[in-house]
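Written below as structure tokens is the structure these notes are about.
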Amino acid sequence: MTTDARAAILDRIRQGKERGYLPSLSGTTPPPPAPPAFTEPLAEIFSRAARGVQAHVHRAQDDAAARELLVSEFTARGCRQVLAWTPAQLHLPGLSAALAAAGIELVASRLPGLRRRADLEALAAIPVGLTAAAAGLARTGSLTMFADREQGRLASLLPPVHYALLRLEQLYPDIGAWLASDGVARRIAGSSSTLVITGPSRTGDIAQTLTLGAHGPRELHIVLVGRAL
Amino acid sequence: MNTGFNQRAEIALHNDSLQQALRHTQGKFVNERIRAMGSLPHGEALRDHARTIRANTLARLDEYLLAFEASARANGSHVHWARDGAEAGAIVCQIALENGVQRIVKGKSMLSEEVGLNHALETAGLTVLETDLGEYIIQISHDRPSHIIAPIIHKTKDEVAALFHQHLGTPPDADIPTLTAAARSALRQGFLQAEMGITGANFGVSDTGSIVLVTNEGNGRFCTSTPAIHVALIGIERIVPTLADLGVLLQVLAASATGQALSAYTSLVSGPRRSRDEDGPDQVHIVLVDNGRTAALASELAEILYCIRCGACLNVCPVYQNVGGHTYNAVYPGPLGIVVNPALDGLGPWNELPQASSLCGACTEACPVRIDIPRMLLKLRADAVEQGFAPAWLRTGIRLYAWAAIHPRLFRLGGRFARLGQRLAPRTASGWTKKLPGPLAGWTQARAFPPLAAESFSQRWQKRAR
């Protein structure tokens with residue numbers, strides 16, 4: 001069925017083009033228009049934009065400060081488990097030891113095969129998620145991340161609160177600059193899921209009134225690590 | 001069939017709760033879009049560029065579709081082609097039945113509404129749970145979406161509270177956060193239990209074979225993450241060649257649809273979970289749906305295929321603003337719907353729709369890809385007359401008028417009669433005629449007719465010449 005349909009649809013598209021109701025163009029699109037460059041540091045633009053979409057931005061001068069911040073945030077929330085990428089993928093040496101010392105365990109989101117309901121229900125009870133990010137997009141205050149080895153997609157989706165680690169050197173001006181940067185196209189094609197997150201989950205469906213935490217996390221905390229120059 | 005637009009409009013205009021809901025929300029949408037577009041330093045250039053991208057893509061659509069198919073297959077996705085809604089439904093049902101699926105969670109997809117997917121699935125004995133908050137409310141109240149972005153724009157908060165009180169046991173006067181939380185926990189169970197997730201797709205990227213989903217709630221992420229099988233329906237026109245093109249379209253889409261710089265979640269699904277992945281679906285199926293799009297491509301309405309379904313034209317349309325989406329009795333309401341429904345299905349069932357416009361052009365001004373909707377409306381109106389959908393008196397009347405207009409004496413006589421008749425007819429305080437006779441009565445059904453000048457143009461011209 002689908003082979004016949006494929007041939008028929010392609011055929012009809014070619015016939016349709018011949019009718020000439022669409023402008024016949026070269027089909028090559030020039031590069032997108034570039035916005036004027038930012039005059040402020042990207043970290044400032046990013047923080048302001050992220051707060052503008054209801055994300056919390058925490059600044060940490062170095063790794064030690066980032067570790068301390070996470071331990072104190074998780075302790076204050078009284079959580080014993082955090083749904084997280086593996087320590088190797090969080091790129092914050094010493095974090096799991098520091099959390100273990102505070103009685104907090106990092107749990108990975110392994111979901112084997114088709115029978116997954118019981119595993120999912122266990123994971124869904126964990127109150128906080130922790131991931132790193134592949135990039136930060138300054139203009140929109142967005143984070144990008146790829147699903148990959150030891151980087152489950154559920155850590156940023158299931159828990160009601162999501163913490164994400166981002167380094168200053170990972171900041172790009174905007175989504176266009178990030179998509180055009182080296183290696184990103186190859187990563188997108190090679191990763192089963194690429195995600196651009198802009199603020200916590202939200203809905204405006206009832207009376208167009210903004211409400212956070214529709215299905216995904218209702219809180220998004222971005223820990224921006226690094227010393228501004 | 002789409003008859004009775006005027007009757008439905010009349011009912012909608014007298015529906016106080018609908019009018020209240022429309023007034024409350026419409027202004028927000030319009031202002032937010034203008035603010036978001038204005039905050040992009042190169043917003044107007046981006047719109048021009050977005051239009052170029054859409055034009056270039058459609059000019060070589062067959063090549064880009066084949067490239068998309070090849071890249072998607074290389075990522076491990078299954079690619080299916082469906083000529084019409086029935087084929088699309090059959091493909092999805094077959095995937096579900098072959099894999100022993102019983103429970104399905106579904107993200108918001110206008111294409112699935114267009115092809116009647118839920119009906120096909122339910123007929124096959126499958127349970128479908130709509131997970132977009134608005135679509136969930138539509139599903140439990142057996143209603144229909146009235147806006148392509150905000151499906152329950154016609155419902156007030158109190159109506160939703162009453163519905164949730166009945167279905168989810170929330171207090172009858174619950175506030176919006178309470179209602180949202182109740183839906184969150186009810187639907188969370190659905191996400192954890194479903195074996196299959198179905199979504200639409202905002203775009204498909206040829207270069208990477210990715211399906212792109214733009215959502216705010218996160219239900220789209222769930223549908224593509226927790227179930228073992230993900231099926232995405234995509235219209236064949238929604239292909240973008242490159243990631244650079246995608247970046248441009250994502251920005252104008254988010255700004256035009258909801259006034260955001262980017263929507264909360266933009267997901268690019270490039271195939272099923274790899275063996276190294278921790279989670280994600282084991283199978284990804286992409287269904288490329290024609291359902292009238294190739295017919296539109298071969299017609300003077302081809303430009304409507306540039307549409308990226310942001311809904312901005314609905315929000316600014318003076319007709320939509322007053323009568324709401326249900327009056328159109330179509331999956332796609334508003335200026336978009338007036339053109340796209342006849343473009344996909346032919347004018348037969350939709351011959352009334354092209355009249356539901358004042359030709360003010362607000363839609364084109366708001367459109368992120370600057371689609372010339374009024375041009376296509378005029379074409380459709382002309383087609384409606386040619387295909388015999390216009391009332392017989394209109395054709396006769398215009399012939400009579402044309403004949404009189406080239407016979408000056410007759411024309412002057414007609415004018416004199418009209419001015420005399422006007423004096424005898426019931427008039428408003430300012431002299432406007434309240435009721436026109438015969439086939440012209442339709443004009444004065446909802447408004448008065450302006451008075452004819454005491455002196456005709458030719459009389460004044462003669463005086464001036466003297």
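The figures here come from the full heavy-atom set of this structure, side chains too, leaving out hydrogens, waters and symmetry mates. Just so we're on the same page: letters track the sequence lines, and every chain starts at 1.
For a residue to count as touching a neighbouring chain, one of its non-hydrogen atoms must lie under 4.5 Å from one of that chain's; by this rule Asp245(B) touches chain A with the side chain only. Residue Thr144(A) does not touch chain B at all, counting heavy-atom pairs closer than 4.5 Å. With a threshold of 4.5 angstrom between heavy atoms, Ala21(B) does not approach chain A through any atom at all. Heavy atoms of Pro227(B) lying under 4.5 Å from chain A belong exclusively to its backbone. Interface remark: Thr215(B) contributes no atoms to any contact with chain A (heavy atom separation under 4.5 Å). Looking at Ser109(A), the atoms closer than 4.5 Å to chain B (heavy atoms on both sides) sit in the backbone and in the side chain alike. At a 4.5 Å heavy-atom cutoff, the contact between Leu40(B) and chain A is made by side-chain atoms alone. Interface residue Leu58(B): backbone and side-chain heavy atoms are both found under 4.5 Å from chain A. Contact annotation for Ala185(A): both backbone and side-chain heavy atoms come within less than 4.5 Å of a heavy atom of chain B. Contacts between Leu301(B) and chain A at a heavy-atom distance below 4.5 Å are absent for every atom of the residue. Only the backbone of Ala34(A) comes within less than 4.5 Å of a heavy atom of chain B; no side-chain atom from C-beta onward does. Heavy-atom distances place the backbone of Pro200(A), and not its side chain, under 4.5 Å from chain B. For Ile211(B), no part lies under 4.5 angstrom from a heavy atom of chain A. Ala295(B) touches chain A through backbone and side chain together, each having a heavy atom under 4.5 Å away. The part of Ser263(B) that comes within reach of chain A is its backbone (N, CA, C, O), which places non-hydrogen atoms under 4.5 angstrom from that chain. Residue contact with chain A, scored on non-hydrogen atoms closer than 4.5 Å, involves the side chain of Ile137(B) exclusively. Interface residue His80(B): backbone and side-chain heavy atoms are both found under 4.5 Å from chain A. If you measure heavy-atom distances from Pro31(A) to chain B, the contacts under 4.5 Å come from the backbone alone. The parts of Glu121(A) that come within reach of chain B are both its backbone and its side chain, each placing non-hydrogen atoms under 4.5 angstrom from that chain.
In terms of heavy atoms, Thr211(A) sits closest to Pro177(B) at CG2-CA, 3.9 Å.
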Audit row: Thr266(B), Leu195(A), side chain to side chain contact (heavy atoms under 4.5 Å, CB included) steps and yes/no: CA-CA 6 Å; Thr266(B) 302; Leu195(A) 186 64; over 6 Å; no
Check against side-chain hydrogen bond (donor to acceptor under 3.5 Å, both in side chains), Arg273(B) and Ser193(A): CA-CA 8 Å; Arg273(B) 71 189 293 179; Ser193(A) 166; over 6 Å; no
Test side chain to side chain contact (heavy atoms under 4.5 Å, CB included) applied to Val196(A) and Tyr265(B), step by step: CA-CA 6 Å; Val196(A) 181; Tyr265(B) 301 119; over 6 Å; no
Side chain to side chain contact (heavy atoms under 4.5 Å, CB included) evaluation trace for Asp205(A) with Val160(B): CA-CA 10 Å; Asp205(A) 273 349; Val160(B) 177; over 6 Å; no
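A donor-acceptor contact shorter than 3.5 Å is absent between the side chain of Thr140(A) and the backbone of Leu262(B). Using modelled atom types, one side-chain atom of His215(A) and one backbone atom of Thr131(B) make a donor-acceptor pair closer than 3.5 Å. In this structure a side-chain-to-backbone donor-acceptor pair under 3.5 Å is present from Arg184(B) to Gly213(A).
Listed options Leu157(A), Ile175(A), Leu10(A), Thr194(A) were ranked by heavy-atom pairs under 4.5 angstrom with chain B; first place goes to Leu157(A). Most heavy-atom pairs under 4.5 Å with chain B, from the set Arg186(A), Glu150(A), Gln15(A), Gln151(A): that is Glu150(A). The candidate from Asn99(B), Asp290(B), Val269(B), Asn219(B) with the greatest count of non-hydrogen atom pairs under 4.5 Å with chain A is Asn219(B). In terms of heavy-atom pairs under 4.5 angstrom with chain B, the leader among Leu212(A), Leu123(A), Leu179(A) is Leu179(A). Ranked by heavy-atom pairs shorter than 4.5 Å toward chain A, the options Ala150(B), Gly218(B), Gly247(B), Ser225(B) are led by Ser225(B). Options Gly52(A), Ser191(A), Ala124(A) differ in how many heavy-atom pairs under 4.5 Å they form with chain B, and the most are formed by Ser191(A). Contact tally against chain B (heavy-atom pairs below 4.5 Å) for Leu220(A), Leu158(A), Val53(A): the top residue is Leu158(A). The candidate from Lys157(B), Arg274(B), Gln189(B) with the greatest count of non-hydrogen atom pairs under 4.5 Å with chain A is Arg274(B). Your options are Pro36(A), Ala214(A), Ser192(A), Gly16(A), and the one with the most heavy-atom pairs under 4.5 Å with chain B is Ser192(A). Looking only at heavy-atom pairs under 4.5 Å with chain A, the residue among Leu268(B), Leu179(B), Ile53(B) that has the most is Leu268(B). Chosen from Thr156(B), Asp279(B), Val287(B), the residue pairing most often with chain A at heavy-atom distances under 4.5 Å is Asp279(B).
Here the straight-line distance linking atom NE2 of His49(B) with atom OG1 of Thr29(A) works out to 6.0 Å at 0.5 Å rounding. Here the CD atom belonging to Gln208(A) is positioned 9.5 Å from the CD1 atom belonging to Ile176(B), to the nearest 0.5 angstrom. For the atom pair CZ of Phe164(B) and CD1 of Ile206(A), the computed distance is 5.5 Å after rounding to the nearest 0.5 Å. Separation of atoms CD (Glu300(B)) and CZ (Arg19(A)) is listed at 9.0 Å; rounding is to 0.5 Å. Taking OH of Tyr21(A) as the reference point, atom CD of Glu303(B) lies at 14.0 Å (rounded to 0.5 Å). How far CD1 of Ile9(A) is from CZ of Arg293(B): 10.5 Å, rounded to the nearest 0.5 Å.
Between Gln260(B) and Arg202(A), some side-chain heavy-atom pair lies under the 4.5 Å cut-off. Counting only heavy atoms from C-beta outward, the side chains of Ile188(A) and Ser210(B) approach each other to under 4.5 Å. Contact of the Glu69(B) side chain with the Arg6(A) side chain is registered, since non-hydrogen atoms from C-beta on lie closer than 4.5 Å. Arg83(B) has its side chain within reach of Asp4(A): a pair of non-hydrogen atoms, C-beta onward, lies under 4.5 Å apart. Within the 4.5 Å cutoff, the side chain of Leu46(B) has heavy atoms near those of the Pro33(A) side chain. Between Arg139(A) and Pro41(B) the shortest side-chain heavy-atom distance falls below 4.5 Å.
Side-chain atoms of Glu217(B) and Thr203(A) include a donor-acceptor pair closer than 3.5 Å. In this model, no donor atom of one side chain and acceptor atom of the other lie less than 3.5 Å apart for Arg221(B) and Ser201(A).
Using a 4.0 Å cut-off between a side-chain N of Lys or Arg and a carboxylate O of Asp or Glu, Arg149(A) and Asp277(B) do not qualify as a salt bridge. Ion pairing between a basic and an acidic side chain is recognised when a charged N comes within 4.0 Å of a carboxylate O; Lys17(A) and Asp62(B) show such pairing.
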